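To start, the structure under review is shown below, and the notes come after it.
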Protein chains: 2
Amino acid sequence: MTERGAPSLIDVAREAGVSTATAGRALGGYGKVSQRTRERVADAASRLGYRTNGLARSMITGSTQTLGVLVSDVSNPFFATALRGITDVTQQAGFEVLLSNTGGDADAERRALAVMSEKRVDGVIVAPALPSDGAHLARAIELSVPVVQLDRLASGVPSADSVTIDNEHAVAEAVGHLLELGHRRIGVITEADGDIARLRSGNRKRGLLPSAVRLRGYFSALTEAGIPVDESLVGVARYDRESAYDATTRLLELTEPPTAMLCTDNVLASGAYRAAQDKGLRMPDDLSLIGFDDEPWTTLVRPGLTIVEQPTYELGAQAGRQLLDRIERGPGRARHVQLKAKLVARDSTAPPG
Amino acid sequence: MTERGAPSLIDVAREAGVSTATAGRALGGYGKVSQRTRERVADAASRLGYRTNGLARSMITGSTQTLGVLVSDVSNPFFATALRGITDVTQQAGFEVLLSNTGGDADAERRALAVMSEKRVDGVIVAPALPSDGAHLARAIELSVPVVQLDRLASGVPSADSVTIDNEHAVAEAVGHLLELGHRRIGVITEADGDIARLRSGNRKRGLLPSAVRLRGYFSALTEAGIPVDESLVGVARYDRESAYDATTRLLELTEPPTAMLCTDNVLASGAYRAAQDKGLRMPDDLSLIGFDDEPWTTLVRPGLTIVEQPTYELGAQAGRQLLDRIERGPGRARHVQLKAKLVARDSTAPPG
DNA sequence: CTGAAAGCGCTTACAG
DNA sequence: CTGAAAGCGCTTACAG
């Protein structure tokens, strides 16, 4: 947008009768300028309708005051809320946010990261689409673009900061709640793909989607309670409502259906809730259900949904703070912040009927 | 992020044994280069780990391939979904999106617009926080930053394109639906502030928030049906669930309460729905309710909520297309696209009990 | 406090 | 097809 005849610092300097260096200092708030010339320059600038060219400035200062945010889908309430947390914190500090939707596609994420890097963002917050491969993130850090991971940890990026929730603990609490109520056949709806057997045996913290970490939490909570895991109670869905609906229906049609179910995510929970409704089940008598995330609908439905409440906004805000901090301090030992999620018991859970 | 020792085009050129002009042409995909040198330059670039400096490029080409988006709150599902529409269309065309939350504050919007303008965005999509004053938008257009208005029309910006829905028609349909069912005492929950009397008499299309336009639609639909407007049935709320809850409760406690209600927005609708539930009213027998926007919860609750369905994603996508188009074509007569909203009747509306 | 000059890293006419 | 030179609009040492 270098429009025809947009005034430059040269024009302002001439109008004010000073050098461009002085004009720049007066307008940019750096260096020393006398009160008088500052005013004279300001007047000249406003007379000419001068706007600083941020591109030129950034090229010299090495800072664009711009941050990149990479998520799979802003229209997902989880990311929308986290994003609000990010922007509130970073705008406050004078940074703008460049947003990219990856659609959960690792290649799209790589490309977007490259573009942001060419645009010289000062740092990046990313919810890695494919946590198992963080090579592109590691490369960004090498090029001295600070990276903060949000909601999930990629493997192969030892030096990237992160903000996540304690998923294992959160799920343990949820399963514990159901166990206390007396449930023994507890199902789970999850988008975790891949090899369940390996997931059960493994114990790495990185490289997994939250759904997978939560699924593992489910396995270990049951195991610790001495309840053998029944894989027919694991309903794997794609990441959408419809698929969760189908997976739930399948579980409910088992000859020995679960008396309670846990969903590893809010999108899946809404599909599951609907499926239970359509099946004609009364919650919590016929089925206890636990979802994730405290969205408005969870208290609007009857019964109100028992959920694992994530501090979603705070997750984003914290990621923003960490990135600002990292930009200020420069490279260093990675800091991993883990926020607590907590169970909010409502009316969709009760002892098995 | 001009990190120490990041290779520049000069380094690549030297490594490849060509001039920087040639290196630039080979890497940037402009001008003519022979196959052989193109390869040689590409090799040199990858050997050095070269990344184009987009800042320098933009300064010369006059284009940043970046668009600004200004909304009040990304965590509002309406804006989140519209934003997804915007980014899908514009990323596809090679543009990135700079996002700013104004919190509905006109000053914040002005500041954010100024910053984006300094960062030399190629254009801007904005849902004006204060439609009654579009002076800053007009100024942006003068500086040749194309502006597309989303969801609402500011006054004083004759040359800005826009994408909105036909609110008057949408509301007329909703009210018509209730009238057909036999309702005569129809309330409304709205965030429209200001002077209701003036709103009723006026007929300008610009300068109003969607809520206000919808409220006016409600007035005229009733008037056309020969039903006198009862201002005690107009529940004015701030823009949040709690306030909508209170406003709804107030209407329901009238000695002659409405038999049906319309909410001018999804946030307000969720507050109203809850209020009706808490009041112990059975919908639709005791009260018919209509909301806005087809959000997941509206089909999860019982009864399912009758709504005015906006093409939210498409609203954003269309705004994106229009902005791209405007950037390509340059200034010209403003184009105003109006999308249709449609009534989706579900179970929250029925004849008065 | 102020200015002349150099330079950030590219692309663009202009020649060849 | 390729190169030398100018220039985009700023900020930054370096002198004064």
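Just the heavy atoms: all of them, side chains too, but no hydrogens, waters or symmetry mates, feed the values below. Remember, predicted model here, so these are calculated numbers, not experimental data. In the text below, chain A, chain B and the rest are named by the order of the sequence lines, each starting its count at 1.
Comparing D/dC1, D/dC10, C/dT12 against the side chain of B/I60 picks out C/dT12 as the nearest. Of the candidate nucleotides C/dT11, D/dT11, C/dG9, C/dT11 has the atom lying nearest to any side-chain atom of B/R57.
B/S34 has a side-chain polar atom (N or O) that falls below the 4.0 Å cut-off from OP1 or OP2 of D/dT2. An OP1 or OP2 oxygen of C/dT2 is reached within less than 4.0 angstrom by a side-chain nitrogen or oxygen of A/T37. OP1 or OP2 of C/dT11 has at least one side-chain nitrogen or oxygen of B/Y30 nearer than 4.0 Å.
For the pair A/Y50 OH and D/dG9 P, the computed distance is 10 Å after rounding to whole Å. Look at CZ on A/R36: it is 14 Å from P on C/dC1, rounded to the nearest Å. Atom pair B/K32:NZ and C/dA13:P shows a separation of 15 Å (rounding to whole Å applied). Between the CG atom of B/L27 and the P atom of C/dG9 there is a distance of 15 Å, given to the nearest Å.
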So which protein nitrogen or oxygen atoms get under 3.5 Å of nucleotides 3-5 of chain D's nitrogens or oxygens?
unit_1, atom_1, unit_2, atom_2, d
D/dG3, OP2, B/S19, N, 3.1
D/dG3, OP2, B/S19, OG, 3.2
D/dG3, OP2, B/T22, OG1, 2.6
D/dG3, N7, B/R25, NH2, 2.6
D/dG3, O6, B/R25, NH1, 3.4
D/dG3, O6, B/R25, NH2, 3.2

If you write DNA chain D from 5' to 3' in dot-bracket form, with Watson-Crick or G-U pairs under 3.5 Å, [ ] for crossing pairs and | for pairs with another strand, what do you get? |||.||||||||.|||
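A/Y239 and A/N76 are linked by a side-chain donor-acceptor pair at a separation below 3.5 angstrom, with hydrogens and angles left out of the test.
Between A/D107 and A/R111, no side-chain nitrogen of the basic residue sits less than 4.0 Å from a carboxylate oxygen of the acidic one, so the salt-bridge criterion is not met.
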